[in-house]
Colleague: 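The structure is given below, and queries will be raised subsequently.
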Amino acid sequence: MSMKDHEFWLVVGSQFLYGPEVLQTVAKRAQEMADALNASGRLPCRLVYKVTAKTNREITDVVREANYEERCAGIITWCHTFSPSKMWINGLAGLQKPWCHFATQYNREIPNDEIDMDFMNLNQAAHGDREHGFIGARLRSPRKVIAGFWQDAEVQGRLGRWMRAAVGAAVSKSLKVMRFGDNMREVAVTEGDKVEAQTKLGWQVNTWPVGALVDEMNAVTEKEIDALMAEYTSAYEMATKDVETVRYQAREEIAMKKMLDREGCRAYANTFQDLYGMKQLPGIASQHLMAQGYGYGAEGDWKVAAMTAIVKAMTEGQKGGTAFMEDYTYHLVPGKEYSLGAHMLEVCPSVAAGRPKIEVHPLGIGDREPPARLVFEGHEGPAVVLSLIDMGGRLRLICQDIECVRPIMPMPNLPVARVMWRALPDLTTGVECWITAGGAHHTVLSYDVDAEQMRDWARMMDIEFVHIGKDTTVEGLEHDLFLSDLAWKLK
Ligand code: MN
């Protein structure tokens with residue numbers, strides 16, 4: 001399912017106290033609100049007005065339907081009038097989809113002359129929202145509260161970004177990850193509890209033999225390779241005469257894509273330590289699969305592969321780009337402090353500033369033939385890096401705000417894609433915070449999500465979230481991590 005296949009349900013809270021006319025007006029306005037929000041172009045998915053709920057039964061019914069209906073990625077509640085919240089308890093206690101409490105009201109202004117007690121009865125969102133908010137707090141329900149006027153672009157944008165996080169949750173719940181080979185030997189951070197990941201996040205992480213991939217590669221036809229080569233040369237600049245090496249990557253890509261699609265997997269991991277029967281580590285093959293929306297993790301890193309797929313699904317249709325990334329080295333010149341991110345091959349070209357070049361260079365590790373890869377520079381702009389780690393008993397998602405720049409030097413002898421950025425609040429504090437929190441060297445780098453969305457997603461998945469941004473200090477972070485550790489042990 002893609003972004004447009006998901007929808008969200010608008011459930012409006014009310015009661016019988018104000019008479020049928022008020023209820024008709026509420027229903028009419030809820031439909032008007034849904035229509036206007038859909039027409040705004042700021043929501044990635046359709047908002048469907050479902051019901052003006054007045055009874056416990058109506059609420060439990062709509063929640064049951066939302067839980068069951070695959071297309072429904074979440075509910076958005078709004079209280080035009082006062083909606084006594086004990087009638088929400090049974091419904092909310094059983095809700096299995098993300099919930100956003102939209103604290104808005106129909107009118108922007110208090111109408112000076114018009115306002116009387118009839119107006120007050122009909123337009124009492126400020127009143128109703130507090131009752132509705134209490135029951136969310138009392139039930140400890142995971143929820144998002146968005147307050148503001150429904151016609152404002154910023155409010156609509158926030159609602160849209162929350163919807164994208166909820167679609168990320170839906171994608172996560174059905175995500176399948178294909179592992180070719182195990183994690184790189186002796187590496188700790190790429191390990192993790194796959195049962196815990198499936199319980200919390202829904203991920204089905206399983207392994208397939210590299211030999212099965214080699215069989216699939218051998219069955220790829222020259223004609224299939226010709227077609228993919230045409231795609232490569234239309235999207236990228238052929239900067240090598242070694243066409244056979246590039247064709248071998250096309251063969252790898254076609255075979256991997258067939259296996260992924262056959263098994264319904266949106267993400268995969270491989271490792272240079274297990275390429276039995278393969279002549280090259282997949283380079284452009286993995287890069288071009290990522291450009292199509294598949295998640296990828298190197299060295300068997302299935303967690304980063306899955307996160308890359310989820311963030312790509314959340315950001316469908318956006319133009320900034322999302323890539324598998326790795327922190328490599330620093331530039332520590334005062335006033336010009338930057339991190340250089342790259343990988344030995346596999347950075348997604350969705351983050352490229354220009355037209356990527358197809359090049360062939362030897363690879364020092366993996367003991368295979370020189371692989372073809374895409375070489376490019378990442379573009380500038382604000383972005384985040386994300387790392388999901390297994391803390392033992394719980395998962396922690398770390399999100400750091402970064403500011404990407406065009407690389408400040410050409411690095412002509414570096415044969416891989418590269419992205420340069422400065423971590424917030426500044427490079428060294430940012431690094432100290434990241435290391436203190438236990439963030440991995442592998443990350444998802446995205447120009448299209450922000451920390452608020454990832455916090456929303458982590459709340460939906462019921463996992464720990466750590467944000468490192470412009471106001472973070474090492475002391476404050478250590479304090480938060482200490483308390484968080486206690487809290488998660490009690491949960
Ligand atoms: Mn790596």
Side-chain angles (χ1 to χ4, degrees), residues 177-192 205 207 210 249 252 256 267-275 278 280-291 294-312 321-330 339-351 359 361-368 370-376 378 383-390 397-398 400 402 404 407 411 414-421 423 431 434-435 437-446:
V177 183
M178 183 172 283
R179 301 174 74 222
F180 293 115
D182 205 336
N183 303 51
M184 180 179 163
R185 286 188 281 276
E186 306 293 352
V187 176
V189 78
T190 56
E191 291 287 354
V205 184
T207 190
V210 177
Q249 289 281 329
E252 291 181 327
M256 287 192 290
Y268 70 102
N270 62 10
T271 169
F272 67 92
Q273 287 176 334
D274 192 351
L275 297 173
M278 296 169 74
Q280 297 177 31
L281 177 65
I284 186 173
S286 289
Q287 292 174 294
H288 193 246
L289 281 170
M290 268 187 280
Y294 294 93
Y296 171 76
E299 289 95 58
D301 193 342
W302 51 270
K303 297 198 298 299
V304 81
M307 285 308 302
T308 305
I310 288 165
V311 176
K312 280 180 173 291
T322 295
F324 165 67
M325 186 51 63
E326 179 168 279
D327 291 78
Y328 255 95
T329 194
Y330 303 126
S339 291
L340 178 68
H343 205 261
M344 56 191 171
L345 298 176
E346 315 91 337
V347 176
C348 177
S350 65
V351 303
E359 299 182 17
H361 302 278
L363 189 65
I365 56 178
D367 191 27
R368 289 293 182 276
R373 82 288 306 271
L374 296 171
V375 179
F376 56 86
V384 297
V385 282
L386 305 163
S387 172
L388 182 79
I389 57 170
D390 188 331
L397 180 66
I398 304 160
Q400 181 160 42
I402 62 170
C404 296
M411 298 174 275
L414 183 68
V416 290
R418 72 291 303 268
V419 181
M420 196 170 256
W421 67 82
V431 167
W434 185 266
I435 289 171
H441 53 287
H442 285 168
T443 58
V444 181
L445 185 150
S446 179

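Atoms within a ligand are numbered from 1 in the order they appear, just like the ligands themselves. Counting from 1, the numbers follow the sequence of the chain as shown.
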Colleague: Less than 4.5 Å apart, side chain to side chain, heavy atoms only: is that true for Thr443 and Asp327?
Modeller: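 A side-chain contact under 4.5 Å exists here.
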Colleague: What distance do Asn270 atom CG and Met178 atom CE have between them, rounded to the nearest 0.5 Å?
Modeller: 12.0 Å
Colleague: Any chance the rings of Tyr294 and Tyr268 have centres within less than 6.0 Å?
Modeller: no
Colleague: Taking side-chain contact (heavy atoms from CB on, under 4.5 Å) as the test, write out the residues that go with Val210, two or more places apart.
Modeller: Phe180, Val214, Asp274, Met278
Colleague: Suppose we screen for side-chain contact (heavy atoms from CB on, under 4.5 Å). Which residues come up paired with Ala305, at least two apart in sequence or across chains?
Modeller: Ala267
Colleague: Among residues at least two apart in sequence or on other chains, which ones pass side-chain contact (heavy atoms from CB on, under 4.5 Å) with Pro415?
Modeller: His361, Arg373
Colleague: Given a threshold of 2.8 Å, state how many protein N/O/S atoms are nearer than that to the Mn ion (ligand 1).
Modeller: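 For the Mn ion (ligand 1), protein nitrogen, oxygen or sulfur atoms under 2.8 Å: 4.
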